[in-house]
Amino acid sequence: MKPFKNKQKKQITMPLYKLFIILFVTVLLTSVVTFASYKFGLYFGNDKQKSLNKIEEAYKQIDDDYYKDVDDEKLTQGAIDGMIKSLDDPYSEYISSKDTTTYNEEISGDFVGIGAEMEVHKGYVRITSPMKDSPAEKAGIKPLDVVTKVDNQSIKNKSLNEIVSKVRGKEGTTVNLTIKREGKEPFDVKIKRDKIHLTSVDYTKKNDTGIISISKFQNKTTKELKSALKQAKKDNVKHVVLDLRNNPGGLLDEVVTSVNLFVDKGKPVIYLETKGDKPQAVETENDKMAGIDDMDYSVLVNKGSASAAEIFAGALQDYKIADVLGTTTFGKGIGQVHKEFNDSSILKYTNMRWLTPNKSYIHKKGIKPDKTISAPKYEGIEIIDPTKSYELGDKSKEIKSIKIGLDALGYNTSNENETFDAQLENNVKAFQSEHKLEPNGVFTDETTKKFIELLREKIRAEDKQLDEAIDYIHK
């Protein structure tokens, strides 16, 4: 037995020694290759790894060798901002940890600012829509206006988050926006910041019609909408107009549950299509609201109705629950998700496109109304700058707007061309005399301010587009 044991021991000892040498050499070679791959991007066949290595190498090189100290956080944010910019997507953005409070305020519906939804557009930002009764709307800001400067400082190629932080500020302070509107030279608009408390749903009753305005799909919108519908039912209204004009969108979950009030359980609200996948239905999860079919519905939209507002309108249109009235919507048929990092910063990026229940893709097309009902011309006129003067013989787009506005205020004009003619001079003098201003026929300063004030009052007091929609549904 003893020789057997010795032989056995001899046979085992030699392979273990060799195995140790082999393992040591293998580990050493693996470490060298891994280091070389990590350091020099030599990860053969893996372009993504090489790209990541290159980014990290560039970061380390700048951090170590730049001629002065760098802010690591700013360097990181700059790298992420650069990646976002390369997507050429106005809806993707990086929100730093110091700005997440502002971002979350928008979702909850309470913040201080001018009350306008913005998106990146060709190096600047574009107004998606001003919020109802907000300082921006009162100042005459309109959907598709492009902001080129904030307080006379260019915002070209700034991130959306940087621009929003400049536009926001303390309650009662003023911000000056330089606006570029299609077919018009840039002009300045001063807006006084205010606290924006956005109750997303508002209900009023007009004869036998209930008007439910939904300003945005935010937290608790479904609850507020359900309450408004209950009130309409209690008021025994026969028709309900769901007013989504200038609704910029909001939360997907909220719009799905809002549609669920009208559509029964298990029905697609939209189809979501993510990278490499077929469209997947997002379905309603609950029974529809009791008694919802006791009233007739119409949805009122305009070019400021976007994103979640289009999901809502599209679903009710496809299921023939409501006629869509107004003008073609904005056309945002893509959706974003949020990735929150450990430091509370947020990466918001587009990861899907969506289709209506009938699988229509509305991106850059919008939802076409069943019945086109346009707003009156005076609601869409150019903003008139009080510091500029217009008088007999002048010619400009603003003069056409003055004619349209004065006509709406009861000073009849025979034409709507761009020439300051004798009839317009007489109308301006009559307007000045009626409002105790110097009747010199020159449209400037206090005359312009009074003109703007009266038009705003008219727009607030009279909603011609809504009235026409109500008339249509009663036919």
Side-chain angles (χ1 to χ4, degrees), residues 74 77 81 93-121 123-181 184-200 215-216 218 246 248 250 304 344-346 382-388 444-446 448-457 459-460:
K74 286 180 71 175
Q77 181 165 341
D81 285 341
E93 61 177 317
Y94 172 70
I95 301 143
S96 66
S97 53
K98 64 184 175 64
D99 295 312
T100 52
T101 300
T102 299
Y103 180 75
N104 290 327
E105 282 175 348
E106 290 183 8
I107 295 175
S108 67
D110 293 291
F111 59 93
V112 173
I114 66 169
E117 291 285 332
M118 299 178 179
E119 65 177 13
V120 175
H121 178 72
Y124 297 102
V125 294
R126 180 170 64 182
I127 303 296
T128 304
S129 62
M131 298 170 188
K132 188 175 181 180
D133 293 326
S134 66
E137 186 187 59
K138 291 173 183 176
I141 298 296
K142 298 189 180 301
L144 305 184
D145 280 349
V146 174
V147 181
T148 60
K149 295 180 182 179
V150 177
D151 288 331
N152 299 315
Q153 297 295 313
S154 174
I155 58 169
K156 189 171 185 180
N157 296 326
K158 301 284 186 183
S159 70
L160 182 61
N161 191 58
E162 284 181 274
I163 296 163
V164 169
S165 66
K166 289 177 183 293
V167 173
R168 296 242 177 127
K170 292 184 179 179
E171 185 178 356
T173 59
T174 299
V175 63
N176 185 75
L177 303 184
T178 302
I179 301 292
K180 179 70 176 72
R181 186 173 291 169
K184 181 174 169 37
E185 291 300 314
F187 57 90
D188 290 342
V189 181
K190 289 184 178 180
I191 307 175
K192 190 175 182 180
R193 299 179 179 100
D194 200 356
K195 184 177 288 185
I196 310 295
H197 176 69
L198 203 60
T199 301
S200 61
S215 58
K216 189 176 183 179
Q218 60 189 35
N246 295 330
S344 297
S345 61
I346 295 170
E382 306 288 341
I383 294 176
I384 313 298
D385 186 346
T387 65
K388 293 185 178 179
T444 188
D445 196 23
E446 295 303 318
T448 305
K449 291 176 183 176
K450 190 66 179 178
F451 171 82
I452 294 170
E453 176 192 334
L454 293 174
L455 271 184
R456 285 178 185 165
E457 288 177 3
I459 291 169
R460 283 195 294 267

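All residue numbers in this chain count up from 1 along the given sequence.
- With sequence neighbours left out, E137 forms a salt bridge (Lys or Arg N to Asp or Glu O under 4.0 Å) with no residue at all.
- For D188, the side chain to side chain donor-acceptor pair (under 3.5 Å) partners two or more places apart in sequence, or in a different chain, are T178.
- A side-chain hydrogen bond (donor to acceptor under 3.5 Å, both in side chains) check over residues 145-159, counting only residues at least two apart or in different chains, returns the pairs D145-R181, S159-E162.
- When the shell of 6.0 Å around NZ of K166 is examined, it contains 12 or fewer heavy atoms from other residues, nucleotides or ligands.
- To the nearest 0.5 Å, atom CG of residue D194 and atom CG of residue D133 are 11.5 Å apart.
- Distance CE/M131 to OG/S200: 11.5 Å, rounded to 0.5 Å.
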**Message:** What verdict does the side chain to side chain contact (heavy atoms under 4.5 Å, CB included) test give for V167 and M118, after you've listed the backbone C-alpha separation in whole Å, the side-chain angles of each residue and the deciding distance to 0.1 Å?
**Reply:** CA-CA 11 Å; V167 173; M118 299 178 179; 3.9 Å; yes

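- Closest approach of P386 and T444 over heavy atoms only: O-OG1, 3.4 Å.
- Take A116 and apply the side-chain contact (heavy atoms from CB on, under 4.5 Å) test, not counting sequence neighbours, and it matches I114, I127, A136.
- No option in K192, R193, R168 other than R193 meets the side-chain hydrogen bond (donor to acceptor under 3.5 Å, both in side chains) test with T173.
- Here the straight-line distance linking atom NE2 of H121 with atom OG1 of T128 works out to 10.5 Å at 0.5 Å rounding.
- Shown here are the side chain to side chain donor-acceptor pair (under 3.5 Å) partners of S96, two or more places apart in sequence or in another chain: D99.
- Partners of K190 by side-chain contact (heavy atoms from CB on, under 4.5 Å), not counting sequence neighbours, listed by chain and number: T174, N176.
- Under the salt bridge (Lys or Arg N to Asp or Glu O under 4.0 Å) criterion, R126 pairs with E119, sequence neighbours left out.
- A donor-acceptor pair under 3.5 Å links the side-chain atoms of S129 to the main chain of N246, judged by distance alone.
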In sequence, state the C-alpha distance, the side-chain angles, and the governing distance for V147 and Y124, and then conclude on side chain to side chain contact (heavy atoms under 4.5 Å, CB included).
-> CA-CA 6 Å; V147 181; Y124 297 102; over 6 Å; no

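- Nearest heavy-atom pair across G113 and P135 is O-CG, 4.1 Å.
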Table please: side-chain donor-acceptor pairs of residues 449-457 below 3.5 Å, with sequence neighbours left out.
{"residue": "R456", "atom": "NE", "partner": "K138", "partner atom": "O", "Å": "2.3"}
{"residue": "R456", "atom": "NH1", "partner": "K138", "partner atom": "O", "Å": "3.1"}
{"residue": "R456", "atom": "NH2", "partner": "K138", "partner atom": "O", "Å": "2.7"}

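- Annotation: salt bridge (Lys or Arg N to Asp or Glu O under 4.0 Å) contacts of K184 (sequence neighbours excluded): E398.
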